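Below is one structure, written out as structure tokens, with a few remarks after it.
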Amino acid sequence: MHFNPALLLDYWPLLLQGAWLTVQVSATALVIGYAAGIAVALIALMPGWPPRLVTGLYIETLRNIPFIILLFVVYYGLPFSGIRLPATFVGTLALALFASAYYAEIVRAAILALPRGQFESARAIGMSPAEAMWHVVAPQILRTLVPPSTNMTLTMMKESAVLSSITVPELTYQSLVVQGNTFAPFEVFAAVASIYWLIAAVIAECSRWLERRVGATQAGGVSRNTIAERYLSLVARRAS
């Protein structure tokens, strides 16, 4: 018995095709999931118990179900309701739903970690809720968001391997096809593990770049509108 990577030479295009689809599905689920997570977090922070109840049910339901079960519920539930969609579309949608619950908790925790009264102070000097969120809250939580969001994105990328169970031709699915043709499981899955590691390393490096970028932005040299400058001057005056 010996390790023979030459067996894979004819199948690298298939594996790379699967890796590219893994990247596409993960990136799409990241965008949709994060947008949904921000919306859920903002609704959860609204006054009154109904928003908290609804968002709490949404978050806890998605977090307490294994992703593969959520995937099957969506995949078989849509045709049961008369809606038939491609497997890749359904898999991406399920992955985005799964990630949105975790992203919502990350965003909510970051906003709650801000000193109390930031939002109200910004509103008191004339900012609209959207302006207060964009000019005061968002810049302060960006750096806090990056590390946990990166961890969740890595988890989501690895969970995308489950989409092979509904015939989405991503990396794991293609590796099973190659393994069936070569009868060389160790070589195939060692190569696939290396590709997943490479994708994760790129995501981690992008996260470090973003963290440095956000840190440099917060350190100074950023143009702000007059309302934000007024708010910051009031905060500095209060602190002194």
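Just so it is clear, the model here is predicted, and its values are computed rather than measured.
Using a 4.5 Å heavy-atom threshold, the side chains of Ile43 and Val54 count as separate. Using a 4.5 Å heavy-atom cutoff, the side chains of Cys206 and Trp209 are not in contact. Side-chain contact between Val168 and Val90 is absent, with no heavy atoms from C-beta onward closer than 4.5 Å. Side-chain contact between Gln17 and Leu21 is absent, with no heavy-atom pair separated by less than 4.5 Å. Using a 4.5 Å heavy-atom cutoff, the side chains of Ser100 and Leu62 are in contact.
Residues Val23 and Leu16 do not share a hydrophobic cluster, defined by chaining ILVMFWY side chains whose heavy atoms lie under 4.5 Å apart. By the rule that hydrophobic residues join a cluster once side-chain heavy atoms approach within less than 4.5 Å of another member, Tyr173 and Phe189 end up as members of separate clusters. Note on Phe72: it clusters hydrophobically with Val74, by side-chain heavy-atom contacts below 4.5 Å among ILVMFWY residues. A continuous path of ILVMFWY side-chain contacts below 4.5 Å connects Ile59 to Leu45, so both sit in one hydrophobic cluster. By the criterion of side-chain heavy atoms lying less than 4.5 angstrom apart, applied directly or through intervening Ile, Leu, Val, Met, Phe, Trp or Tyr residues, Ile68 is grouped together with Leu163 in one hydrophobic cluster.
Between Arg63 and Glu60, at least one side-chain nitrogen of the basic residue sits less than 4.0 Å from a carboxylate oxygen of the acidic one, meeting the salt-bridge criterion.
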I would like to know whether Glu205 and Val202 meet side chain to side chain contact (heavy atoms under 4.5 Å, CB included); could you show each step before the answer? CA-CA 5 Å; Glu205 185 56 37; Val202 171; 5.8 Å; no
Please determine whether side chain to side chain contact (heavy atoms under 4.5 Å, CB included) holds for the pair Val107 and Tyr34, giving the CA-CA distance in whole Å, both sets of side-chain angles, and the decisive distance to 0.1 Å. CA-CA 9 Å; Val107 173; Tyr34 220 109; 3.9 Å; yes
How far apart are the C-alpha atoms of Ile111 and Leu42, what are their side-chain angles, what is the distance that settles it, and do they pass the side chain to side chain contact (heavy atoms under 4.5 Å, CB included) test? CA-CA 9 Å; Ile111 294 176; Leu42 295 179; 4.1 Å; yes
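Of all heavy-atom pairs between Glu131 and Met127, the closest is OE1-CA, 3.5 Å. Across all non-hydrogen atoms, the minimal contact from Thr88 to Pro169 is OG1-CD, 4.1 Å. Closest approach of Thr172 to Ser164, counting heavy atoms only: CG2-OG, 3.9 Å. Ala161 and Glu170 make their closest contact through CA-OE1, 3.5 Å (heavy atoms, listed as atom of the first residue, atom of the second, distance). Among all heavy-atom pairs drawn from Arg52 and Ala44, the shortest one is CG-O, 3.4 Å. The minimum heavy-atom distance between Thr144 and Gln140, with the atom names listed, is OG1-O, 4.1 Å.
Between the CG atom in Leu145 and the CD1 atom in Ile38 there is a gap of 8.0 Å [rounded to 0.5 Å]. With rounding to the nearest 0.5 Å, the separation of CG in Leu210 from CZ in Arg213 is 9.5 Å. Taking CG from Leu97 and CD1 from Ile65, the interatomic distance works out to 10.5 Å, rounded to the nearest 0.5 Å. Between atom OG1 of residue Thr22 and atom CG of residue Leu15 there is a gap of 10.5 Å, rounded to the nearest 0.5 Å. Rounding to the nearest 0.5 Å places CG of Leu95 at 9.5 Å from OG1 of Thr28. Expressed to the nearest 0.5 Å, how far CE of Met157 lies from CG of Leu171 amounts to 9.5 Å.
Checking side-chain atoms of Thr61 against main-chain N and O of Tyr58 turns up no donor-acceptor pair under 3.5 Å. Although no hydrogens or angles enter the test, the distance criterion places a donor-acceptor pair under 3.5 Å between the side chain of Ser165 and the main chain of Val162. Although no hydrogens or angles enter the test, the distance criterion places no donor-acceptor pair under 3.5 Å between the side chain of Glu105 and the main chain of Ala101. Although no hydrogens or angles enter the test, the distance criterion places no donor-acceptor pair under 3.5 Å between the side chain of Thr92 and the main chain of Val25.
Checked against Phe67 for a ring pair (Phe, Tyr, Trp, His ring centres under 6.0 Å), the options Tyr75, Phe98, Tyr102 give a single hit: Phe98.
Remark: the Tyr196 side chain and the Ser160 side chain contain no N/O donor-acceptor pair separated by less than 3.5 Å. Inspection of the Ser149 and Tyr103 side chains reveals no N or O donor paired with an N or O acceptor under 3.5 Å. Counting only N and O atoms by type, the side chains of Thr150 and Ser207 include a donor and acceptor under 3.5 Å apart.
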